[in-house]
Amino acid sequence: MSAAIAVLISGRGRNLQAIARACADGRVDGRIVVVVSNRVEADGLRYARQQGIETTVLSHRDYPDRESYDRALMAVLDRHAPDVVALAGFMRILTPPFVAHYRGRLLNIHPSLLPRHPGLDTHRRALVAGDVEHGATVHFVTEQLDGGPAIIQGKLNVHAQDTEATLAERVMNEIELKIYPQALAWLARGDVALDDGAVRFRGRHLDAPLGLDALEAAFR
Ligand code: GRF
């Protein structure tokens with residue numbers, strides 16, 4: 001049975017598109033059962049509708065607090081019985097009950113070499129800090145913001161002429177759009193799992209995230 005994947009977005013949805021393509025061409029043994037956005041104007045919604053993927057807008061403005069929003073979000077998601085919930089540029093901090101409910105099937109992509117630069121403005125912060133390397137990380141989500149066990153992390157060298165915009169673009173194209181579909185392919189296949197707070201990959205615990213060299217040919 002292919003994995004039922006729910007994708008949560010707030011914006012452009014480039015990661016969503018990469019995931020959808022990988023499902024459509026069979027690289028991920030899964031199908032996107034719903035795309036949920038907290039912002040009605042998210043461009044990714046238009047893409048999902050064009051692809052015939054079911055979409056739901058759930059605006060955080062309609063809820064008094066995080067707890068009630070997350071309860072409503074869980075209700076929407078659970079109608080689709082997701083095996084995997086993929087956060088793809090979903091700009092919301094999730095409450096502990098939400099995280100607990102989807103533990104082991106909740107993934108996020110973060111545009112930095114975690115644990116460096118959790119939170120926002122990662123590309124600017126990498127430049128300000130003079131980092132020589134930067135990148136992106138796919139990790140299981142835990143209660144700690146951007147702190148869950150990492151599955152795969154892609155690195156690139158920061159160039160002297162990089163700006164926040166060029167760095168964001170290179171991290172997206174050279175790393176994010178490759179590592180997220182790959183991580184989902186592994187999860188859907190059962191190659192990767194959250195086990196006792198650590199990542200198990202093909203039967204052994206990882207003590208560091210996998211790198212770009214672990215990408216299968218179809219994901220490079
Ligand atoms: C990506 O950089 C992702 O890592 C971050 O938000 C951005 C979303 O971009 N969390 P998109 O919506 O996938 O185009």
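Below, all heavy atoms of this structure are taken into account, side chains as well, without hydrogens, waters or symmetry copies. Order of listing sets the numbers, starting from 1, for every ligand and every atom in it.
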Does His134 form a side-chain hydrogen bond (donor to acceptor under 3.5 Å, both in side chains) with Asp162? I'd like the steps, not just the answer.
CA-CA 11 Å; His134 186 46; Asp162 264 321; over 6 Å; no
For Asp131 and His117: C-alpha separation, side-chain torsions, deciding distance, then whether side-chain hydrogen bond (donor to acceptor under 3.5 Å, both in side chains) applies.
CA-CA 11 Å; Asp131 292 358; His117 308 309; 2.8 Å; yes
Trace of the side-chain hydrogen bond (donor to acceptor under 3.5 Å, both in side chains) decision for Thr55 with Arg49
CA-CA 7 Å; Thr55 61; Arg49 290 182 190 124; 3.2 Å; yes
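Taking the six-membered ring where the residue is Trp, Phe90 and Tyr69 present parallel rings, their angle staying beneath 30° rather than reaching 60°.
Not one N or O of His110 is nearer than 3.5 Å to an N or O of ligand 1, by distance alone.
Taking every non-hydrogen atom of Arg14 and a distance limit under 4.0 Å, the qualifying atoms of ligand 1 come out as 9 (O), 11 (P), 12 (O), 13 (O), 14 (O). Near Arg12, the atoms of ligand 1 lying under 4.0 angstrom from a non-hydrogen atom of the residue are 12 (O), 14 (O).
To the nearest 0.5 angstrom, Leu16 atom CG is 5.0 Å from Ile32 atom CD1. Here the straight-line distance linking atom CG of Leu45 with atom CD of Gln50 works out to 11.0 Å at 0.5 Å rounding.
Contacts between Met91 and ligand 1, counted as non-hydrogen atom pairs separated by less than 4.0 Å, are absent for every part of the residue.
At the shortest separation from atom 10 (N) of ligand 1 among protein heavy atoms lies Ile109 O, 3.4 Å. Protein heavy atom nearest atom 4 (O) of ligand 1, with residue, atom name and distance: Glu176 OE1, 2.6 Å. Ranking protein heavy atoms by distance to atom 12 (O) of ligand 1, first place goes to Gly13 N, 2.7 Å. Scanning all protein heavy atoms for the shortest distance to atom 5 (C) of ligand 1 gives Pro111 CD, 3.9 Å. The protein non-hydrogen atom at the shortest distance from atom 8 (C) of ligand 1 is Gly89 CA, 3.6 Å.
A pairwise comparison of heavy atoms in Tyr47 and Ala20 identifies OH-CB, 3.6 Å as the closest pair.
Residue Gly44 places no heavy atom under 4.0 Å from ligand 1.
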